[in-house]
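For reference, the structure is listed below as structure tokens.
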Amino acid sequence: MSRRTLPRRFYDRDARDVAPELLHKVLVHDDPEHGRLAARLVEVEAYCGRDDPGSHAFRGETPRNASMFGRPGHLYVYFTYGMHWCSNLVCGPDTRPHAVLLRAAEPLDGLDTMYARRVKARRDRDLCSGPGKLAQAFGFDRRHDGIDVTRGIVRIVDDGVAPPADPLVSRRIGLAAGRGDDSLWRFSIRGSASVSVPPR
DNA sequence: GGTGTGATCGTA
DNA sequence: ACGATCACACCA
């Protein structure tokens with residue numbers, strides 16, 4: 001079974017093409033202080049730059065979203081709702097500010113550290129079943145914004161588990177209701193206990 | 001199991 | 001003002 005870090009060219013595409021291929025890939029954080037954390041991605045959303053009213057990049061570059069305007073294959077981590085961090089993988093093509101929001105994952109390694117950070121979690125499925133929870137479990141914050149996921153301590157690994165042939169495709173959470181967004185840019189694993197909100 | 005609501009603060 | 005959210009209260 002292969003175990004390779006995804007190369008930059010994997011990310012250098014439209015986020016809508018990258019997102020479904022990220023399902024079943026493994027997010028790894030070799031936390032210098034807490035050891036290895038790993039979880040299998042089961043839910044992601046594509047955000048498509050300047051043309052996408054739901055994207056932070058829609059209104060152009062600011063200090064906050066600068067990472068999205070850089071090279072593909074880096075993290076974009078932002079703070080929201082006054083209390084949560086969310087993490088994205090910057091895509092392309094080239095420097096077009098596309099990104100994939102990491103919404104949920106099934107924990108694989110470092111569960112003790114994840115439970116320590118996610119004090120409210122009662123069972124494994126509570127650790128990474130939402131973008132804010134996932135970032136908290138992995139210890140992501142502003143220090144991780146902009147880091148290179150093709151060579152750094154955070155990376156995405158293909159361990160040989162193929163993406164689903166029939167991912168569940170649905171509307172993005174948090175946008176559809178308020179802004180009448182009909183785009184189907186959310187991709188998740190059917191039946192996974194770690195998916196955040198039941199898809200509609 | 002489900003729904004509704006308040007928390008909390010950086011950003012524009 | 002408002003948000004790419006979460007946890008808890010409450011009802012079933």
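Only this structure's heavy atoms are used, side chains among them; waters, hydrogens and symmetry mates stay out. Throughout, protein chains are lettered first and strands after them, A, B, ... in sequence-line order, and every chain is numbered starting at 1.
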(message) Taking only side-chain N and O atoms of A:Thr80, does any of them lie within less than 4.0 angstrom of OP1 or OP2 on C:dT5?
(response) no

(message) Looking at A:Arg142, I'd like to know whether one of its side-chain N or O atoms comes within less than 4.0 Å of OP1 or OP2 on B:dG10.
(response) no

(request) Indicate, with a heavy-atom threshold strictly under 4.0 Å, whether A:Arg122 touches base, sugar-phosphate, or nothing. (result) nothing

(message) Taking any heavy-atom pair under 4.0 Å as a contact, classify A:Phe79: base, sugar-phosphate, or nothing.
(response) sugar-phosphate

(request) Identify whether the distance between the nearest side-chain nitrogen and carboxylate oxygen of A:Asp12 and A:Arg96 falls below 4.0 Å. (result) no

Shortest side-chain distance from [X], nucleotide among [options]:
X        : options              : value
A:His84  : B:dA12, C:dA4, C:dT5 : C:dT5
A:Ile173 : B:dA12, C:dT5, C:dC6 : C:dT5
A:Arg64  : B:dT8, C:dT5, B:dA12 : B:dA12
A:Met68  : C:dC6, B:dA7, C:dA4  : C:dA4
A:Pro131 : B:dT8, C:dC8, C:dC6  : C:dC6
A:Tyr81  : C:dT5, B:dA12, C:dC6 : C:dT5

Interatomic distance where [atom1] belongs to [X] and [atom2] belongs to [N] [whole Å]:
X        : N     : atom1 : atom2 : answer
A:Asp141 : C:dT5 : CG    : P     : 18 Å
A:Arg59  : C:dA4 : CZ    : P     : 10 Å
A:Phe58  : C:dC2 : CZ    : P     : 18 Å
A:Glu45  : C:dA4 : CD    : P     : 11 Å
A:Asn65  : C:dA4 : CG    : P     : 12 Å

(request) Test A:Asp126 against A:Lys120 for salt bridge (Lys or Arg N to Asp or Glu O under 4.0 Å), laying out the working first. (result) CA-CA 8 Å; A:Asp126 300 329; A:Lys120 306 292 174 56; over 6 Å; no

(message) Using side-chain heavy atoms (C-beta onward) and a distance below 4.5 Å, is A:Gln136 in contact with A:Trp85?
(response) no

(request) Classify the ring geometry between A:Phe140 and A:His29 as parallel (under 30°), tilted (30 to 60°) or perpendicular (over 60°). (result) tilted

(request) Flag this pair as yes if the NZ/CZ of A:Arg13 is under 6.0 angstrom from the six-membered ring centre of A:Phe10 and inside a 45 degree cone about the axis; otherwise no. (result) yes

